[in-house]
2 protein chains.
Amino acid sequence: MSMETEWVDRFPGLSRLEEPVKQLLLTRSTVINVPGGTTIFGPGNSPENMLFLLDGTVRVQQVSDTGHEIVLYRIHAGQSCVLTTACLLAYENYSAEGITETAVQAAAVPRDVFDDLVAKSKSFRNFVFAAFSKRITDLFLMIDEVAFQRLDVRLADKLIELAADKDTIATTHQKLSVELGTAREVISRQLQEFQRRGWIEQSRGSVTLLDRTQLARLADHNS
Amino acid sequence: MSMETEWVDRFPGLSRLEEPVKQLLLTRSTVINVPGGTTIFGPGNSPENMLFLLDGTVRVQQVSDTGHEIVLYRIHAGQSCVLTTACLLAYENYSAEGITETAVQAAAVPRDVFDDLVAKSKSFRNFVFAAFSKRITDLFLMIDEVAFQRLDVRLADKLIELAADKDTIATTHQKLSVELGTAREVISRQLQEFQRRGWIEQSRGSVTLLDRTQLARLADHNS
DNA sequence: CGCGCCTTGGTGACAATGTCACCGACGTGC
DNA sequence: GCACGTCGGTGACATTGTCACCAAGGCGCG
C-alpha cells in the first residue's frame, strides 16, 4: 500500500513538488510491472502513457535502414520517459525503440493528466524541461563522440560504464558493437588488444576488467 | 507598424493560437534585428530570451574538446530557439553555439512570459512540445547518419540541401567538412571524385552542381 | 550419445575514412 | 613587389568498416 502512495517522494525530481500536484500524480497514475526484455515502445507501438521509472532500466536504441543498430541512451530508475513518449506522440514514423533491460516497475501517467500538471505546476514544468534539456545535451555529447572519438577510448569508457561496481560484464561482442554503433569484428580486435595488454580477460559471453585504472586512463585521456 | 503587430500570424506554428495568447505574445515581445555572423549564444553566453525567428537562419554547431567542429542543425524562419535556450538555462556547461548565417529578424520573448504561456495555453504547449520532439527525432537521424552513412552519400545530400534552388554554393571545403563533421582533405577528395564524374564543377570558394539528378540518386540510395 | 543448428568469436584481405606533413596557388594589405 | 593568411592538393600512413569464411561452444532432439 505505502508503495503506491509514496512513489513520488522516492522520485528525486518530483519530491519537491507542491502537495496537491503530488496527490494528483498519485491518484491518477497506475503502478505497473514489466518483465525484462519487453519492448515498451517502438515503431508502430506508441504508448498512451508517460512513464516514470521506479525500478529497473530501459534501453533506447535505433535500427538504421542500413540494418545497423546503435544504443541511444538508457532510462534509469528515478527518470522519466517524457521525451520519448512526447516524440512518439508527435512523430509516428521514427525508428527508435525502448526495451526493458531488467524487470521494471513504473508509474504510468495518462496524457491528459500530464498536460494538466504541466499547466498547473511551475515546478512540474521545470522538471519536464530539465528532463528534455538533459536528454538533448546528452545527445549533443553522443554526436560528438560518435563523430570524433577514437574507438578504443569509447570502448574503454563503455566497459567501465557497463561494469559499474562489478568486475565482470555479461555481454557479447555483438552487443558491445551495438552499444557503440560499430561492427562486431572491430570490437573483437579492440578487446584482443586490451587483453594483450592485460587490462581485461575474456571468455564466451563475458568480459572481466583486470586493470580498471589503465582503462580509465585511456577513456579519460581525450574525453 | 503592421510588422510588429502581426508577426504571430506569419508564424506557421503559432497562427492557430487563441487570440488572447497572440496578444500576450505581441505585447510582451520585442522584435530585434541581428546582422549575419553574430554569435547569438554560446559557452558562457546564455540568452535571457526565447527567440522566434521571423527571418534569416541560425546555425547551431559544436566544438569538440578534440578541436573538431560539427554543425548540429539550423533554425530557419518560422522556427523557434525554444530548446536551445531551454538547454542553456538548464546546463551552462555545454559547448554548442548559435551563429546567424544571414541578417536575422526575431521576436524575443522573456522567460517568464514563455512560462506563463506554457501554463495558460494548451495550443502553445503543443507548439513547444512539437518543437522539442522534432528536434530530438532529427538528432536521432543525425546520429544514425554520422555513425552509419557513407561519406559520399552524406556529402551529395548536403550539397543538394545547401544549393536549395540555386546551382552554385558559395562555401569552402573547410566549411563543408564542418557540416559533416569530417576532415577537409576527405571533402577535397570526394569533391574531386564528383568532379571527375562530371556531377559538379569547382572553383576557389564555390561548388556548382552540374548533374543534380545523379547527386540525388546517390544521396537517396541509402537514405 | 550423435547430429544439426544457432550463437559466439577469430581471421585475413580489402575498402573507406581519418591524420599528418607538406606544398603551391590565390588574395589581401602594406 | 612582398609578407601573410586562406584555400585547396597530395602522398604516406593509421584507424575503422566490410566481407567472406572458419572453428568452437552450446542447445535441442531423435
Side-chain angles (χ1 to χ4, degrees), chain A residues 37 63-70 143-159 162 168-197 200-208 218-219 221-222, chain B residues 37 63-70 143-159 162 168-197 200-208 218-219 221-222:
Chain A
V63 181
S64 170
D65 44 12
T66 60
H68 295 98
E69 289 179 85
I70 187 169
I143 288 173
D144 194 275
E145 277 190 8
V146 171
F148 302 128
Q149 199 72 279
R150 287 179 54 96
L151 204 82
D152 50 357
V153 174
R154 295 175 60 210
L155 180 56
D157 191 55
K158 185 59 71 175
L159 287 177
L162 291 177
T168 296
I169 312 169
T171 188
T172 65
H173 295 187
Q174 175 62 43
K175 284 178 184 170
L176 285 172
S177 74
V178 173
E179 291 285 338
L180 301 181
T182 181
R184 195 258 315 157
E185 298 92 316
V186 179
I187 296 292
S188 297
R189 286 182 206 137
Q190 284 295 342
L191 288 180
Q192 280 176 59
E193 175 61 19
F194 287 171
Q195 187 171 36
R196 195 190 63 76
R197 297 183 195 171
I200 65 166
E201 203 169 44
Q202 300 185 67
S203 72
R204 192 184 173 89
S206 81
V207 177
T208 303
L218 176 59
H221 195 261
N222 285 20
Chain B
V63 182
S64 171
D65 44 14
T66 60
H68 295 98
E69 290 179 85
I70 186 169
I143 289 172
D144 194 275
E145 278 190 7
V146 171
F148 303 128
Q149 200 72 277
R150 287 176 53 96
L151 205 83
D152 51 358
V153 173
R154 295 175 61 209
L155 180 55
D157 191 55
K158 185 59 72 176
L159 287 177
L162 292 176
T168 296
I169 312 169
T171 187
T172 65
H173 295 188
Q174 175 62 42
K175 284 178 183 170
L176 286 172
S177 74
V178 173
E179 292 284 339
L180 301 181
T182 182
R184 196 256 316 158
E185 299 92 315
V186 178
I187 296 292
S188 297
R189 287 182 204 136
Q190 284 295 342
L191 288 180
Q192 280 177 61
E193 175 62 18
F194 286 170
Q195 188 172 35
R196 194 191 62 76
R197 296 183 196 170
I200 66 165
E201 203 169 46
Q202 300 186 67
S203 71
R204 191 184 174 89
S206 81
V207 177
T208 303
L218 176 61
H221 194 261
N222 285 18

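Numbered from 1 within each chain, the chains take letters A, B, ... in sequence-line order.
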Peer 1: State which residues pass salt bridge (Lys or Arg N to Asp or Glu O under 4.0 Å) with B:R197; sequence neighbours excluded, sorted by chain then number.
Peer 2: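 Residues passing salt bridge (Lys or Arg N to Asp or Glu O under 4.0 Å) with B:R197: B:E193.
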
Peer 1: Return the value, rounded to whole Å, for the distance between atom NZ of B:K175 and atom P of D:dT6.
Peer 2: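 After rounding, the reported distance stands at 12 Å.
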
Peer 1: Which residues pass the side-chain hydrogen bond (donor to acceptor under 3.5 Å, both in side chains) test with B:H173, not counting sequence neighbours?
Peer 2: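 Once residues adjacent in sequence are excluded, the partners of B:H173 under the side-chain hydrogen bond (donor to acceptor under 3.5 Å, both in side chains) criterion are B:S188, B:Q202.
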
Peer 1: Between atom CD in A:Q149 and atom C1' in D:dA14, what is the gap in whole Å?
Peer 2: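 In whole Å, D:dA14 C1' and A:Q149 CD are 16 Å from each other.
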
Peer 1: Applying side-chain hydrogen bond (donor to acceptor under 3.5 Å, both in side chains), can you list everything that pairs with A:T171, at least two apart in sequence or on another chain?
Peer 2: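 By the side-chain hydrogen bond (donor to acceptor under 3.5 Å, both in side chains) rule, A:T171 matches no residue at all.
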
Peer 1: Who passes side-chain hydrogen bond (donor to acceptor under 3.5 Å, both in side chains) against B:Q190, sequence neighbours left out?
Peer 2: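 Residues passing side-chain hydrogen bond (donor to acceptor under 3.5 Å, both in side chains) with B:Q190: none at all.
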
Peer 1: Rounding to an integer number of Å, can you tell me how far B:L191 CG sits from D:dC7 P?
Peer 2: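 After rounding, the reported distance stands at 15 Å.
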
Peer 1: Could you state the atom-to-atom distance from CD1 of B:I169 to C1' of D:dC7 in whole Å?
Peer 2: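 Atom-to-atom, B:I169 to D:dC7, this comes out as 17 Å.
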
Peer 1: With sequence neighbours excluded, what pairs up with A:E185 under the salt bridge (Lys or Arg N to Asp or Glu O under 4.0 Å) test?
Peer 2: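 Expected list: none.
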
Peer 1: Mark up nucleotides 9-16 of chain C, 5' to 3', with B wherever a protein heavy atom is under 4.0 angstrom from a base atom, S wherever such an atom reaches only the sugar-phosphate, and - elsewhere.
Peer 2: BBBBB--S

Peer 1: Main chain of A:S177, side chain of A:R184: is a donor-acceptor contact present, judged purely on distance under 3.5 Å?
Peer 2: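 Absent.
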
Peer 1: Between atom CD1 in A:I187 and atom C1' in D:dG17, what is the gap in whole Å?
Peer 2: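 Atom CD1 in A:I187 sits about 12 Å away from atom C1' in D:dG17.
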
Peer 1: Could you give the CD-to-P distance, from A:E69 to D:dG17, as a whole number of Å?
Peer 2: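 In whole Å, D:dG17 P lies 16 Å from A:E69 CD.
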
Peer 1: D:dG17 P sits how many Å from A:L155 CG, rounded?
Peer 2: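 Checked: the CG to P distance equals 12 Å.
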
